[in-house]
Amino acid sequence: MTDFAAPAFPVEGEPLEAAHTSPDTLTLQARRRSTVAKNMGEPGPSPDQLKTLINIGARTPDHGKLFPWRFIVFEGEARAKFGAILEKVLREAEPGGPEERYELERNRFLRAPVVIGVVSDVTENYKIPEWEQVLSAGAVCMNLLIAARAMGFAAQWLTEWYAYDRRVKRALGLESGERIAGFIYVGTATEAPAERKRKPPRVERWEG
Ligand SMILES: Cc1cc2nc3c(=O)[nH]c(=O)nc-3n(C[C@H](O)[C@H](O)[C@H](O)COP(=O)(O)O)c2cc1C
């Protein structure tokens, strides 16, 4: 998308509409699918688009105005640098190959032009339950998926093994109370997805 016009973000206190009728948004949500990272290529979001994506992610509801999340952007050469860390960690943890396995790690973040790490940053022992803070970080990820799609990009929410590896977390500068909520891969689909199996929603009516 070359003719990107960033939406107008409101300033604090600005009166806002309570609803925004957008059949297009409903269609987007009804038909949205993840595109697997291996089916992504260039282009990715421009600097303006990336800024808008993150600003939309940062407008996610959170209880207590804690903003219990932060973002780590991986693009360009930094993706390969991160891959080198993953490879090193894996070589140490599982020495002796096979080489293809290490190569996979080296190239992990090269699958998409941009990866946005969403870090859940929980304030422990505080009046806002930790559970709610974690949920908010998950909602940030979902907001990013939708916004990326609305900008014309394919996206996927992944954690994979490295979201949980303490050496990788240390290399990323995660502190105590911080966890990876997701790595949001964003790019252009090289292959369109098809609808997947879905179970009907489990719904009951509470009748007392
Ligand atoms: C928190 C979270 C972590 C995920 N991590 C992975 C992962 O590590 N590997 C994977 O193949 N899919 C992972 N997924 C699933 C995909 O992102 C995607 O949701 C799924 O493939 C189909 O989703 P769709 O309904 O958006 O198409 C994860 C999903 C969530 C919500």
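Residue indices begin at 1 and follow the sequence shown. When reading the values below, keep in mind they use all heavy atoms of this one structure, side chains included, and skip hydrogens, waters and symmetry mates. Note that the structure is a prediction, hence the values are computed from the model and not measured. Counting starts at 1 for both ligands and their atoms, following the listed order.
For atom 2 (C) of ligand 1, the nearest non-hydrogen atom from the set Y185, F183, W157 comes from W157. Comparing T35, I184, L158 against atom 7 (C) of ligand 1, the shortest heavy-atom distance belongs to L158.
The protein non-hydrogen atom at the shortest distance from atom 8 (O) of ligand 1 is E160 N, 2.8 Å. When hydrogens are left out, the protein atom nearest atom 23 (O) of ligand 1 is S34 OG, 3.4 Å; that is the closest non-hydrogen contact. Looking from atom 3 (C) of ligand 1 to the surrounding protein, the closest heavy atom is T159 OG1, 3.5 Å.
Taking the six-membered ring where the residue is Trp, F109 and F183 present perpendicular rings, their angle passing 60° and hence far from 30°.
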Using the rule given for side-chain contact (heavy atoms from CB on, under 4.5 Å), can you reason through F67 versus D121, listing the C-alpha separation, both sets of side-chain angles and the distance that settles it, and then say yes or no? CA-CA 8 Å; F67 307 95; D121 172 15; over 6 Å; no
Let's go through F74 and V114 carefully: what are the C-alpha distance in whole Å and the side-chain angles of both, what is the deciding distance for side-chain contact (heavy atoms from CB on, under 4.5 Å) to 0.1 Å, and is it a yes or a no? CA-CA 6 Å; F74 302 81; V114 173; over 6 Å; no
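Using a 4.5 Å heavy-atom cutoff, the side chains of R70 and L174 are in contact.
Few gaps surround CZ on R91; more than 12 heavy atoms of other groups in view lie less than 6.0 Å from it.
The proximity of R198 to ligand 1, defined as any non-hydrogen pair under 4.0 Å, is limited to the side chain.
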Under 3.5 Å, sequence neighbours excluded: what are the donor-acceptor pairs made by side chains of residues 142-162?
{"residue": "N143", "atom": "ND2", "partner": "T60", "partner atom": "OG1", "Å": "2.8"}
{"residue": "Q156", "atom": "OE1", "partner": "A37", "partner atom": "N", "Å": "2.9"}
{"residue": "W157", "atom": "NE1", "partner": "A181", "partner atom": "O", "Å": "3.0"}
{"residue": "E160", "atom": "OE1", "partner": "R108", "partner atom": "NH1", "Å": "3.2"}
{"residue": "E160", "atom": "OE1", "partner": "R111", "partner atom": "NH2", "Å": "2.8"}
{"residue": "E160", "atom": "OE1", "partner": "Y162", "partner atom": "OH", "Å": "2.4"}
{"residue": "E160", "atom": "OE2", "partner": "R108", "partner atom": "NH1", "Å": "3.2"}
{"residue": "W161", "atom": "NE1", "partner": "E105", "partner atom": "OE1", "Å": "3.1"}
{"residue": "W161", "atom": "NE1", "partner": "E105", "partner atom": "OE2", "Å": "3.1"}
{"residue": "Y162", "atom": "OH", "partner": "Y185", "partner atom": "OH", "Å": "2.7"}

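For ligand 1 and Q156, the ligand atoms under 4.0 Å from any heavy atom of the residue are 16 (C), 17 (O), 21 (O).
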